[in-house]
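First the proteins, then the strands, lettered A, B, ... as listed; each starts at 1.
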2 protein chains.
Amino acid sequence: MTKKSADPANGHPPAARQVPMRDFSRSLPMSLLRAREAVMRQFRPSLREHGLTEQQWRILRALAAIEAVEVTELARTAFLLGPSLSRILRDLEARNLIERKTAKADQRRSMVSISKEGLKLMASVAPTSEAIYAEITRRFGARKLAELQEMLGELEQSLAGLGAADETIAGE
Amino acid sequence: MTKKSADPANGHPPAARQVPMRDFSRSLPMSLLRAREAVMRQFRPSLREHGLTEQQWRILRALAAIEAVEVTELARTAFLLGPSLSRILRDLEARNLIERKTAKADQRRSMVSISKEGLKLMASVAPTSEAIYAEITRRFGARKLAELQEMLGELEQSLAGLGAADETIAGE
DNA sequence: CGCATTCACTTAACATGTTAAGTATCTCGC
DNA sequence: GCGAGATACTTAACATGTTAAGTGAATGCG
């Protein structure tokens with residue numbers, strides 16, 4: 001199982017541990033990171049075959065559900081930072097998967113929408129993607145999956161008010 | 001509060017939706033991503049004050065618990081890919097936070113360990129980090145936190161055997 | 001021994017994450 | 001209607017994620 005940590009023969013016991021902290025491999029951030037990686041590992045090969053990255057796919061999916069959106073709103077929906085989105089949109093536009101036009105009322109805003117080609121690409125990826133999602137659901141259990149997502153949402157809510165570092169939660 | 005989405009006056013209803021797919025904002029990968037971001041947002045300011053990134057902190061934490069490790073083993077522990085780790089170790093070594101020496105038995109391997117300075121830095125960060133973790137635990141609930149991590153572990157396990165894309169789960 | 005293979009890492013190249021600046025546009029008070 | 005400030009993006013700069021290729025050192029087999 002490639003599981004040969006703690007070599008029992010060379011005589012260096014757990015040792016060190018000069019700074020008292022939790023075992024970080026069991027910390028919440030690591031658990032979330034590993035779980036997400038385990039999930040995304042299932043999707044990446046399929047996306048890759050279609051020349052899409054995870055983020056590009058997120059953007060197309062967000063766009064497929066609507067007529068057109070401002071970049072800022074899209075950033076919120078696809079959970080990407082402005083600069084990342086800006087670059088990716090440039091590339092997706094060059095590949096003719098999306099279209100952009102500045103809003104008439106406000107020249108600062110540009111409205112983004114998915115193109116016909118973008119829709120075709122989505123249509124070719126969606127079935128596999130759905131199948132993978134279905135398999136994950138089957139393996140983990142639909143009930144548990146719903147529970148997990150419920151808990152993840154609650155976790156987000158719990159931390160919603162804890163913005164920066166200087167927030168001392170005055171009133172509390 | 002800058003929260004003026006869904007302009008109710010310009011008459012473009014949900015519209016589009018030419019490709020049938022789940023609402024991706026409720027997909028598992030997005031739930032995991034948002035939850036992790038909500039958690040890490042709490043830690044980043046403190047780490048930043050000490051000139052550490054999330055990944056550098058992971059590496060130091062992994063090193064603090066042991067005498068020395070090979071790079072490959074460290075990559076597995078800190079959940080980083082080789083190339084990322086390689087770069088970060090170069091930087092941490094330049095900052096004298098870690099030390100490296102090639103193993104005597106196998107010239108290919110290099111053993112990494114945390115330095116005295118690294119331990120001092122950790123000691124100055126750990127209290128705040130632990131306090132933040134405690135606050136998160138308090139807000140979300142220790143019981144629920146344990147449950148959540150249990151589920152995340154199970155999710156990982158569920159997907160453990162589903163490696164690449166060409167795996168057709170022959171027998172099944 | 002000789003040499004192809006494997007191994008442990010490092011480099012390289014490209015995409016994204018992240019913060020800070022920059023640019024153009026809009027809004028508002030005077 | 002003009003100039004300060006706010007907005008909506010975009011660029012820039014640096015760190016990491018990710019895959020592929022490169023390098024030097026061990027292994028194994030004929």
At under 4.0 Å, does any side-chain N or O of [X] touch on OP1 or OP2 of [N]?
{"X": "B:Q55", "N": "C:dG17", "value": "no"}
{"X": "A:S84", "N": "C:dT16", "value": "no"}
{"X": "B:T72", "N": "C:dC7", "value": "no"}
{"X": "A:S110", "N": "D:dA8", "value": "no"}
{"X": "A:R108", "N": "C:dA24", "value": "no"}
{"X": "B:R100", "N": "C:dT10", "value": "yes"}

Nearest-Å distance, [atom1] ([X]) to [atom2] ([N])?
{"X": "B:R90", "N": "C:dT11", "atom1": "CZ", "atom2": "C1'", "result": "10 Å"}
{"X": "B:M40", "N": "D:dA15", "atom1": "CE", "atom2": "P", "result": "18 Å"}
{"X": "B:R95", "N": "D:dA15", "atom1": "CZ", "atom2": "C1'", "result": "12 Å"}
{"X": "B:L85", "N": "C:dA12", "atom1": "CG", "atom2": "P", "result": "17 Å"}
{"X": "B:I59", "N": "D:dT16", "atom1": "CD1", "atom2": "C1'", "result": "11 Å"}
{"X": "B:Q107", "N": "D:dA26", "atom1": "CD", "atom2": "P", "result": "5 Å"}
{"X": "B:R109", "N": "C:dT10", "atom1": "CZ", "atom2": "P", "result": "13 Å"}
{"X": "A:E37", "N": "D:dT16", "atom1": "CD", "atom2": "C1'", "result": "14 Å"}

Salt bridge or not for [X] and [Y], using N-O below 4.0 Å?
{"X": "B:R108", "Y": "B:E70", "result": "no"}
{"X": "B:R41", "Y": "A:E156", "result": "no"}
{"X": "A:E135", "Y": "A:R138", "result": "yes"}

Point to revise | Full working for side chain to side chain contact (heavy atoms under 4.5 Å, CB included) between A:L152 and B:L148 | key: CA-CA 8 Å; A:L152 291 172; B:L148 173 56; 3.9 Å; yes
Give the nucleotide from the list [options] with an atom nearest to the side chain of [X].
{"X": "B:D91", "options": "C:dC9, D:dA12, D:dT16", "value": "D:dT16"}
{"X": "B:L81", "options": "D:dC9, D:dT18, D:dA20", "value": "D:dT18"}
{"X": "A:R48", "options": "D:dT16, D:dT10, D:dA20", "value": "D:dA20"}
{"X": "A:T53", "options": "D:dA8, C:dC26, C:dA15", "value": "C:dA15"}
{"X": "A:P83", "options": "C:dT25, C:dT19, C:dT10", "value": "C:dT19"}

**Study point:** Expected output: side-chain A:R36 to main-chain B:L32 donor-acceptor under 3.5 Å
**Key:**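 No; zero donor-acceptor contacts below 3.5 Å.
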Exercise for review: Please confirm whether the backbone N or O of B:E73 pairs with a side-chain atom of B:T77, one donor and one acceptor, at under 3.5 Å?
Suggested key: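 Such a contact is found between B:T77 side chain and B:E73 backbone.
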Exercise for review: Please tell me which of B:K104 and B:G82 maps to the more 5' nucleotide of DNA chain D, matching each residue to the nucleotide holding its nearest heavy atom.
Suggested key: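 Per heavy-atom nearest nucleotide, the more 5' residue is B:G82.
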Exercise for review: Using a heavy-atom cut-off of under 4.0 Å over every strand shown, decide if B:E70 touches base, sugar-phosphate, or nothing.
Suggested key: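 Answer is sugar-phosphate: B:E70 comes under 4.0 Å of backbone atoms only.
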Exercise for review: Give a yes or no on whether a donor-acceptor pair under 3.5 Å exists between the nucleobase atoms of D:dG17, that is its base, and the side chain of B:R87.
Suggested key: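 For B:R87, whose side chain was compared with the base of D:dG17, there is a donor-acceptor pair (under 3.5 Å).
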